Amino acid sequence: MTLTLPSTAPTSVAQLMERAQQLAGLTLGELAQLAQLETPEDLRRHKGFSGQLLELWLGASAGSKPEQDFPELGVELKTLPIDEAGRPMETTYVCYAHLTGIAGLTWENSNVRNKLHQVCWVPIEANRQIPPAERRVASAFLWTPTPEQEAALRADWEEIMELIALGQVESITARHGQVMQLRPKAADGNALTDAIGRDGQFIQTRPRGFYLKKTFTRGLLEEAFA
DNA sequence: AAATGATCATGG
DNA sequence: CCATGATCATTT
């Protein structure tokens with residue numbers, strides 16, 4: 001059978017995962033060609049290529065929205081670059097971190113929890129030695145945090161958000177958090193945004209985002225393929 | 001070698 | 001600038 005681009009969003013989680021599973025074993029080059037797209041020689045200036053290609057193949061709504069990729073299904077799509085041993089090569093970006101107006105924000109209504117409540121992970125071979133076009137999509141899997149995983153995510157989120165609320169954002173480094181960290185997330189070092197300063201006043205600082213640490217996503221791969 | 005901090009492209 | 005898609009590249 002011929003693989004064709006979906007014209008509509010999946011209507012069920014099962015259909016989404018079925019679509020994802022059909023992509024396993026194919027290369028990014030093959031998927032790009034079938035979608036009439038060019039595969040970049042390297043991802044240096046095309047960092048979002050893999051993710052956007054998979055969005056297309058799974059029927060995710062295009063564009064940038066602070067919501068899930070499949071809002072009707074409550075599912076977020078994440079590609080996960082893996083090495084030859086099947087381990088994550090990079091941390092995983094979760095979402096932008098608001099640095100002001102966070103009073104009353106709780107884990108339950110946070111963007112992080114919303115995004116990670118249900119994720120369709122699509123591992124992709126990503127060894128730097130393999131040209132993007134030859135990288136293969138691996139077996140996708142659906143994940144919902146276990147109570148233990150959610151507790152760990154929540155603890156990190158609460159620790160980091162409290163520091164932000166207390167005006168300590170500039171003292172937060174990627175070393176904070178056991179499974180999730182806060183790191184710069186911007187076009188360049190000149191980007192600045194409002195944050196709360198040490199004395200409660202507004203300050204300008206580099207925009208930040210939440211990222212899942214590799215040890216965490218490595219665990220997800222292990223439990224999915226154990 | 002691994003991890004942290006920095007950066008690239010795109011659309012609204 | 002915010003937010004999406006992430007990976008790059010310098011520092012440890």
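Predicted model, so just to flag it, every value in this text is computed and none were measured. The figures that follow rest on heavy atoms only: side chains count, while hydrogens, waters and symmetry mates do not. Convention: sequence-line order gives letters A, B, ...; per-chain numbering from 1.
With B:dT7, C:dC1, B:dT4 as the candidates, the nucleotide lying closest to the side chain of A:Thr193 is C:dC1. The nucleotide whose nearest atom lies closest to any side-chain atom of A:Tyr96 is, among B:dA2, C:dC2, C:dT7, C:dC2. Distance from the side chain of A:Tyr211 is smallest for B:dT7 among the nucleotides B:dT4, C:dT4, B:dT7. Here the side chain of A:Pro207 is nearest to one of B:dT7, C:dT4, C:dC2, namely C:dC2. Out of C:dG5, B:dG5, C:dA3, the shortest distance to the side chain of A:Pro66 is found at C:dA3.
Residue-to-nucleotide contacts include a donor-acceptor pair under 3.5 Å from the side chain of A:Lys185 to the base of C:dG5.
Among the protein residues, A:Ala126 comes within range of no part of the nucleic acid, since none of its heavy atoms lies under 4.0 Å from any strand. Within the 4.0 angstrom heavy-atom criterion, only backbone atoms of the sugar-phosphate kind lie near A:His98; the bases stay farther away. When heavy atoms are screened at a 4.0 angstrom cut-off, A:Gly48 is found touching base atoms of the nucleic acid. Here A:Leu192 lies in heavy-atom contact (under 4.0 Å) with sugar-phosphate atoms only. Note on A:Glu76: only backbone sugar-phosphate atoms sit closer than 4.0 angstrom, heavy atoms only; bases stay farther off. Residue contacts shown for A:Thr173 are limited to sugar-phosphate atoms, with no base heavy atom under 4.0 Å away.
Rounding to whole angstrom units, CG of residue A:Leu28 and C1' of C:dG5 are separated by 14 Å. For the pair A:Lys115 NZ and C:dA3 P, the computed distance is 10 Å after rounding to whole Å. The nearest whole Å value for the distance from the CG atom in A:Leu212 to the C1' atom in C:dG5 is 15 Å. Between A:His176 atom NE2 and B:dG5 atom P there is a gap of 10 Å when expressed in whole angstrom units. Going from atom CZ of A:Arg87 over to atom C1' of B:dA3 covers 15 Å, rounded to whole Å. One can place NZ of A:Lys213 at 21 Å from P of C:dA6, the figure rounded to the nearest angstrom. Between the P atom of C:dC2 and the CZ atom of A:Arg208 lies a distance of 13 Å, rounded to the nearest Å. Rounding to whole angstrom units, CZ of residue A:Phe70 and C1' of C:dG5 are separated by 13 Å.
Phosphate proximity of C:dT4 to A:Tyr93: present, with a side-chain N or O under 4.0 Å from OP1 or OP2. Residue A:Lys78 places at least one side-chain N or O under 4.0 Å from the OP1 or OP2 atom of C:dG5. Contact annotation: A:Thr79 side-chain N/O to C:dG5 OP1/OP2 distance is not under 4.0 Å. Within the structure, a side-chain polar atom (N or O) of A:Lys214 is placed less than 4.0 Å from OP1 or OP2 of B:dA3.
Under a cut-off of 6.0 angstrom, the local environment of CD in A:Gln36 is sparse, with at most 12 non-hydrogen atoms contributed by other residues, nucleotides or ligands.
Inter-residue side-chain proximity for A:Leu212 and A:Thr91 is flagged as unmet; no heavy-atom pair is nearer than 4.5 Å. Put simply, the side chain of A:Leu54 reaches to within 4.5 Å of the side chain of A:Leu23, judged on heavy atoms. A heavy-atom distance below 4.5 Å is found between the side chains of A:Asn114 and A:Gln68.
Under the side chain to side chain donor-acceptor pair (under 3.5 Å) criterion, the residue pairs touching residues 5-21 of chain A are A:Thr11-A:Gln15, A:Gln21-A:Ser139, with sequence neighbours excluded.
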| request: Test salt bridge (charged side-chain N to carboxylate O under 4.0 Å, His left out) on A:Arg154 and A:Glu158 and set out the steps. | output: CA-CA 6 Å; A:Arg154 176 183 185 145; A:Glu158 289 179 342; 2.8 Å; yes
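The residue among A:Gln52 and A:Ala174 whose nearest nucleotide of DNA chain B lies closer to the 5′ end is A:Ala174. Mapped onto DNA chain C by nearest heavy atom, A:Glu55 and A:Asp194 fall at different nucleotides, with A:Asp194 at the one closer to the 5' end.
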Distances for protein N/O vs nucleotides 8-12 of chain C N/O pairs under 3.5 angstrom?
from	atom 1	to	atom 2	distance (Å)
C:dC8	OP2	A:Arg128	NE	3.3
C:dC8	OP2	A:Arg128	NH1	2.7
C:dC8	O4'	A:Lys47	NZ	3.4
C:dC8	N4	A:Glu90	OE1	3.0
C:dA9	OP1	A:Arg44	NE	2.6
C:dA9	OP1	A:Arg44	NH2	3.1

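Aromatic ring pairs are classed by plane angle as parallel below 30°, tilted from 30° to 60° and perpendicular above 60°; the pair A:Trp121 and A:Phe141 is parallel.
By the 4.0 Å N-to-carboxylate-O rule, A:Glu90 lies too far from A:Lys47 to be salt-bridged with it. By the 4.0 Å N-to-carboxylate-O rule, A:Arg113 lies close enough to A:Glu150 to be salt-bridged with it.
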